[in-house]
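Reading through the structure tokens given below for one structure.
Values reported hereafter were calculated over all heavy atoms of this structure, with side chains retained and with hydrogens, waters and symmetry mates removed. Convention: sequence-line order gives letters A, B, ...; per-chain numbering from 1.
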Amino acid sequence: MKLYNSISKKIEEFIPINPNEVTMYFCGPTTYNYAHIGNARPAVIADLLFNVLTEIGYNVKYASNYTDIDDRIVAKALEQNKDALEISQFYIDAYVKDLKSLKVKKPQFTPKVSDTMDKIIHFIEELIAKGYAYEIGGDVYFDIDKVENYGIISHQKKEELIVGARIEENSDKRNPMDFALWKKTTTGKNWASPFSSGRPGWHSECVVMIQDVFKSNLIDIHGGGSDLKFPHHENEVIQCSALHNTTLANYWVHNGMIKVDGAKMSKSLGNVLFISDLVEKYGGNQMRWFILSSPYRLELILNEETLNNAVNEFNKVQIARRQLKVKLRLNHIEKNNVLNELYSKFLNELQNDLNVASANTVIFELIKKINQELRKKEFDIPLLQSYEYTLDKMLLVLGYEMEEIELDKVDFELFKAWENSKANKEFEVADLLRNRLIQRGRL
RNA sequence: GGUCCUUUAGCCAAGUGGUAAGGCAACAGACUGCAACUCUGUCACCAUCGGUUCAAAUCCGAUAGGGACCUCCA
């Protein structure tokens with residue numbers, strides 16, 4: 001497996017810490033609203049990465065968190081006179097449903113900030129005790145001047161970052177680059193701590209949840225959107241580096257942003273597209289195909305044309321698969337489990353930093369072979385059986401959820417009657433029968 | 001101002017030194033009772049300029065365009 005690593009900015013051979021095991025974490029959503037299509041991309045990419053790693057023999061342990069405490073959540077809670085965690089749970093449920101519609105499997109671990117609070121507070125105490133953080137008026141900040149290796153994710157020099165740093169309202173910080181670990185507040189949901197009543201900073205949460213889930217200060221893969229490189233991931237690394245002298249993860253992977261007609265999705269532009277709306281309009285598998293249609297590290301442009309492109313491509317695969325299965329079942333031919341040689345070609349492409357475009361090329365190669373074989377008067381049964389098995393396996397690795405097609409008595413009768421009426425040139429009857437078969441998803 | 005990514009046909013894209021995969025769309029045929037599906041065919045001076053090389057989309061340099069990040073952000 002080859003993976004692009006944001007630390008080295010190169011595609012590297014993936015070598016896990018333990019030979020047959022992979023530990024992986026992707027930053028999950030802050031649950032203050034319904035998930036938009038941009039939120040889906042890292043989840044789909046992670047799901048694919050999980051599948052590929054599993055397929056090539058690794059035992060993958062995958063975690064993705066819910067940031068269920070945040071100023072925006074608290075604001076919404078106050079507005080609606082509800083508990084912040086109630087708001088979070090509502091959007092977590094919606095998010096889970098959205099991801100399911102995109103055929104994303106639930107990670108084995110889905111830690112929440114609110115469940116990890118004691119450990120987060122303890123972690124901040126430890127940073128203070130070791131001299132990497134300081135408290136001012138109940139707030140706690142990480143002291144950027146105490147560390148040297150700041151910038152390994154974003155590849156920016158500390159001095160340059162200081163130039164770019166915006167002037168902040170809190171001028172008590174020793175250095176404008178210092179970031180909050182704990183914020184004192186009694187407005188809305190808050191937790192008691194040795195520093196003050198308040199809420200934790202975003203950057204500490206992920207570190208602690210990773211350590212809590214994996215019981216380790218170093219995991220294999222950490223991912224998220226490229227907009228999280230700085231400051232979020234940079235700050236995760238520096239805390240872990242200060243305390244444990246690790247980069248938290250050996251491989252940092254970042255996906256590019258989704259752009260709507262060339263513009264970044266934002267509330268102010270009013271172009272935020274929710275997963276549920278898109279899935280309803282274009283279909284879940286189709287939206288997954290769309291998300292995977294562009295190299296994961298680059299930006300993905302969403303517009304009418306690119307969406308239709310994805311829908312047409314997926315449907316082409318789906319139609320060929322259905323025709324293949326119907327043909328085999330009509331002839332009472334069972335499934336077998338013989339892999340076509342195309343499969344290894346397919347898997348190799350995915351092992352090259354998830355090159356889905358090239359993997360899809362192999363799928364289309366297979367689709368063409370299937371269509372050609374189906375057209376023949378006398379078809380090669382073992383060949384078609386292996387095509388069926390191979391195609392299903394490919395689609396499974398890419399994570400599509402395909403309907404299994406089994407024919408019942410009614411189907412057999414309909415097909416027989418359809419053929420008869422065509423032979424007898426009773427075309428009106430034939431068309432009725434054909435429509436029924438289409439309705440049943442057999443044509 | 002700093003850091004980084006990107007530019008291949010109408011669209012999505014593969015390709016990382018030996019002279020352009022695949023898909024969508026379009027068009028033309030074939031198949032078909034009609035339609036859908038399918039099959040066959042057509043469709044690229046690889047942003048520009050310069051350099052290295054026997055050989056460059058691929059390496060180097062410059063220019064131009066598009067974009068991201070620099071404490072809200074997937």
Side-chain angles (χ1 to χ4, degrees), chain A residues 6 9 11 26-30 32 35-46 64 67 70-72 144 151 153-157 159-166 168 173 176-180 201-203 223-232 234-235 254-259 262-268 272 289-290 293-295 297-301 303-317 319-320 322-323 349 352 355-365 367-368 370-375 421-423 425-428 430-431 434-435 438 443:
Chain A
S6 293
K9 293 188 280 182
I11 291 178
F26 269 67
C27 287
T30 302
Y32 67 100
H36 57 69
I37 189 65
N39 296 112
R41 199 177 189 192
V44 170
I45 299 301
S64 187
T67 303
D70 173 271
D71 286 353
R72 287 163 294 178
I144 217 71
I153 299 288
S154 61
H155 301 283
Q156 311 217 49
K157 292 190 177 113
E159 310 83 66
E160 299 295 350
L161 284 168
I162 290 167
V163 171
R166 291 176 197 162
E168 231 178 287
K173 293 200 292 189
M177 298 288 308
D178 291 351
F179 55 90
W202 180 33
H203 312 309
S226 62
D227 54 346
L228 297 186
K229 280 186 185 178
F230 192 90
H232 186 48
E234 197 69 67
N235 289 349
H254 293 99
N255 62 273
M257 303 290 100
I258 293 181
K259 306 280 279 303
K264 189 174 174 173
M265 260 194 294
S266 72
K267 272 187 186 166
S268 52
V272 175
W289 186 283
F290 168 75
S293 66
S294 201
R297 283 188 278 128
L298 306 183
E299 73 178 29
L300 203 193
I301 294 177
N303 58 38
E304 199 65 26
E305 192 166 16
T306 53
L307 285 169
N308 285 334
N309 215 328
V311 170
N312 289 339
E313 288 181 359
F314 180 79
N315 288 349
K316 182 187 172 121
V317 174
I319 288 166
R322 185 172 62 215
Q323 292 183 343
E349 296 294 356
N352 182 18
N355 191 337
V356 178
S358 288
N360 280 348
T361 295
V362 183
I363 288 191
F364 283 118
E365 200 178 328
I367 293 296
K368 180 160 281 187
I370 288 169
N371 283 328
Q372 285 171 335
E373 193 63 28
L374 284 176
R375 273 249 150 176
S421 55
K422 277 197 292 183
K425 299 198 189 294
E426 296 162 0
F427 295 123
E428 281 185 20
D431 286 352
R434 181 170 68 188
N435 284 341
I438 290 169
L443 283 177

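No donor-acceptor contact under 3.5 Å links the side chain of A:Asp227 to the base of B:C69.
Counting non-hydrogen atoms under 4.0 angstrom, A:Gly256 reaches a base of the nucleic acid. Looking at heavy-atom distances under 4.0 Å, A:His254 makes no contact with the nucleic acid at all. Using a 4.0 Å heavy-atom distance criterion, A:Asn255 is classed as a base contact. Residue A:Gly224 is in sugar-phosphate contact alone, with no base atom involved, counting any heavy-atom pair closer than 4.0 Å across all strands shown. Among the atoms of the strands shown, only primed sugar atoms or phosphate atoms (P, OP1, OP2) are found under 4.0 Å from some heavy atom of A:Glu299.
If you measure from atom CD of A:Glu305 to atom P of B:A25, you get 11 Å, rounded to the nearest angstrom. Nucleotide B:A68 holds its P atom 14 Å from the NZ atom of A:Lys229, rounded to whole Å. Distance A:Glu313 CD to B:C11 P: 15 Å, rounded to the nearest Å. Rounded to a whole Å, the CD1 atom of A:Ile153 is 15 Å from the C1' atom of B:C70. Residue A:Asp70 contributes atom CG, which lies 9 Å from atom C1' of B:C72 at whole-angstrom precision. Atom C1' of nucleotide B:C11 and atom CG of A:Asn303 are separated by 8 Å, given to the nearest angstrom. Between the C1' atom of B:C4 and the CD atom of A:Glu234 lies a distance of 13 Å, rounded to the nearest Å. Note: CG (A:Asn355) to C1' (B:A21) measures 11 Å, nearest angstrom.
In this structure, A:Trp202 and A:His232 have parallel ring planes: the angle between them is below the 30° cut-off, well short of the 60° mark.
Taking atom C1' on both nucleotides, B:A14 is separated from B:G67 by 22 Å, rounded to a whole Å. Rounded to the nearest Å, the gap between the C1' atom of B:G17 and that of B:C59 is 8 Å. B:U48 and B:A64 have their P atoms separated by 16 Å, with the value rounded to a whole Å. Taking atom P in both B:C5 and B:C24, the straight-line distance is 33 Å, to the nearest Å. Using C1' as the reference atom, B:C39 and B:G15 are 27 Å apart when rounded to the nearest Å. B:U52 and B:G61: their C1' atoms are spaced 11 Å apart (whole Å). Comparing B:A9 with B:A13, their P atoms are spaced 12 Å from each other, to the whole Å. Across the P atoms, B:A36 and B:C27 are found 13 Å apart, a figure rounded to whole Å.
The partner of B:A68 is B:U3, by the rule that a Watson-Crick or G-U pair needs both atom distances under 3.5 Å. B:U52: no Watson-Crick or G-U partner with both key distances under 3.5 Å is found in any strand. With both pairing distances under 3.5 Å, B:U63 is matched to B:A47 as a Watson-Crick or G-U wobble pair. Under the Watson-Crick and G-U wobble criteria, each requiring two contacts below 3.5 Å, nucleotide B:C27 is paired to B:G41.
Between A:Val362 and A:Ala357, the residue anchored closer to the 5' end of RNA chain B is A:Ala357, taking for each the nucleotide with the nearest heavy atom.
To the nearest 0.5 angstrom, A:Asp431 atom CG is 9.0 Å from A:Ile438 atom CD1. Between the CD1 atom in A:Ile258 and the NE2 atom in A:His36 there is a gap of 9.0 Å [rounded to 0.5 Å]. Note that the CD1 atom of A:Ile367 and the CD atom of A:Glu365 stand 11.5 Å from one another [nearest 0.5 Å].
Scanning both residues, A:His254 and A:Gly225, for their nearest heavy atoms gives CD2-O, 3.6 Å. Closest approach of A:Pro231 to A:His203, counting heavy atoms only: CG-CE1, 4.0 Å. Contact detail for A:Ser358 and A:Glu349: the closest heavy-atom pair is CB-OE1, 3.2 Å. Between A:Ile144 and A:Asp178 the shortest heavy-atom distance is N-OD1, 2.8 Å.
With hydrogens and angles left out, the side-chain atoms of A:Thr306 and A:Asn303 include a donor and acceptor closer than 3.5 Å.
Residue A:Gln156 places its side chain closer to B:U3 than to any other of B:A74, B:U3, B:C73. Nearest nucleotide to the side chain of A:Leu298, out of B:A14, B:U6, B:G23: B:U6. Among the nucleotides B:A14, B:C5, B:A74, the one closest to the side chain of A:Ser358 is B:A14. Set against B:A74, B:A25, B:A68, the side chain of A:Asn39 has B:A74 as its closest nucleotide.
Contact annotation: A:Lys259 side-chain N/O to B:G67 OP1/OP2 distance is not under 4.0 Å. When the side-chain nitrogen and oxygen atoms of A:Asn312 are compared with OP1 and OP2 of B:G23, none of them lie within a distance under 4.0 Å.
Checking A:Leu300, A:Val44, A:Val311 one by one against A:Phe290, the side-chain contact (heavy atoms from CB on, under 4.5 Å) holds for a single residue, A:Leu300.
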Quiz item: Which letters describe nucleotides 29-40 of chain B, given B = protein heavy atom under 4.0 Å from base, S = only from sugar-phosphate, - = neither?
Solution: --B-BBB-BBSS

